[in-house]
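Below is one structure; the comments refer to it alone.
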Amino acid sequence: MKKQYKILLLAAALTALISACQKEGVYKTLIITGQGEHNWEYSSPVLKQILDGSGMFSAEILKTPAKGGDMSAFNPKFSKYKLVVLDYSGDSWSDATKAAFVDYVKNGGGVVVYHASCSAFPEWKEYNEMTGLGGFNGRDESAGPFVYVSRDGDVVVDDTTKGAAGKVAERSDFEVRTLNTEHPITKGLPVRWMQASDEMLGNLRGPGLNMEILATNSPRMQFRRAPGAVPGGQRQAPPSPRFEPVLMAIKYGNGRIFNTLLGHADEGGGPAMQSVGFIATLLRGAEWAATGAVTQEVPYDFPTAAGTMLRPDFVPVTIDKAFKEIISYDITKSTKYYTFIRSQIAEAGDNEQVLLDIEKRMVNVLKNPEATAEAKKLLLRELSWMGTDYCVQAVKDLSSNPELTEAVDFALTRLQK
Ligand code: ZN
């Protein structure tokens, strides 16, 4: 009878745990980086921070081998993830990895193509179909027509003028125009809004199949160089007469791809990545790519045509910061520090040294009289599956706290199996 009761209790607790996880809707996300002319060392941690900080995604960063390295060693298990974010424009992947990525997307996987990643893989047909439009790295008319919006507001998809694809405008604040106000990603956004200090890409070409242009820049951009097309990067082109796409949504097989040209990175991210327009569209595009829907409200600080809007306090979380902040967690607060700690556990894989370090930090929170019961509950939940003998006494010591009885029983049941 007693054993049966225990099993029932465990089943109930597991059900509660599973429903709690589902309610959180945390989508496993893989950020791929490791090569490219851009500041990927700066941008990838910020992308992870933005995604994790939303509470909707739990992202890990995977670096490819360095340029010229053995790419046959790069074989991510794409199917483990709901979303893959590309911050990459380097060496081509192995045929097997390319095929696995195509399978992943065809089978419904979500992809975000971030900023310079539209320049990756000029030779890879399926990749160019997934991104819709791309530029640089020798792309020309063989990549497809130029696609843009004319000054009169017509979407032009058949400009087969010869020439290199990809140009970069002087870095500046610029206006973005929401072209598609019905798509889930851009629904509810202002028609005109300002992006801060970004490096605008344009003159892109591509197949543009199953693609919707969601937003464009304003046509008053001065191009200065075309990397890959014009060696030396000399001044080269007149102002573009076009509205160039900056946000695109593409369908490929059962998969969805969000291609954002925004968000050029400086050290620590910088103003373009701190721009609310970049952050909010990235999160909305990521959710759409992962699920096909967008449940997020347009944030109150979304910019308008009147000016840029930054979140300068957006600094990457460290493990020290996460454990310092989590002690004051309660259910009305953001779970971002808890999400960060969970992401660190996931990243540790089976590295026992790293896991033990995290477990010790968790035990310190359990022992801390100033830590809230809600914080301790979250950590008991984690320890119940990843804890070792190290944490057992600290867990037992909490059993006298009536607020924690249930969480302690649950953790001990699993820890002592
Ligand atoms: Zn850039």
For [X] and [Y], which heavy atoms make the closest approach, and how far apart are they?
X	Y	value
Ser119	Asn137	O-ND2, 2.6 Å
Gln195	Ala272	NE2-O, 3.2 Å
Ile326	Tyr337	CD1-C, 4.4 Å
Leu133	Asn259	O-ND2, 3.5 Å
His115	Leu262	CB-O, 3.6 Å
Thr186	Asn180	OG1-O, 2.6 Å

Does [Y] offer a backbone N or O that forms a donor-acceptor pair with the side chain of [X] under 3.5 Å?
X	Y	answer
Thr97	Phe74	yes
Asp159	Val156	no
Tyr88	Asp91	yes
Asp198	Met200	no
Glu359	Cys391	yes
Arg284	Pro184	yes

*Asp87 and Ser44 side chains, donor-acceptor separation under 3.5 Å*: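 Side-chain D/A pair, Ser44 to Asp87: present.
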
*Apply ring-ring contact (aromatic ring centres under 6.0 Å, His included) to Phe323 and list each qualifying residue two or more places apart in sequence or on a separate chain.*
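Partners of Phe323 under the ring-ring contact (aromatic ring centres under 6.0 Å, His included) test: none.
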
*Are any of the side-chain nitrogens in Lys324 or Asp320 under 4.0 Å away from the carboxylate oxygens of its partner?*
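Judged by the 4.0 Å cut-off on N to carboxylate O distance, Lys324 and Asp320 do not form a salt bridge.
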
*Not counting sequence neighbours, list each pair that qualifies as a ring pair (Phe, Tyr, Trp, His ring centres under 6.0 Å) and has a residue in residues 137-192.*
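As it turns out, the ring pair (Phe, Tyr, Trp, His ring centres under 6.0 Å) pairs with a partner in residues 137-192, which skip direct neighbours, are His183-Trp288.
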
*Please tell me if the side chains of Met386 and Met362 come closer than 4.5 Å, counting only heavy atoms from C-beta onward.*
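Answer yes - side chains close enough.
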
*Is any side-chain heavy atom of Thr216 less than 4.5 Å from a side-chain heavy atom of Glu244?*
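With C-beta onward as the side chain, the pair stays apart.
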
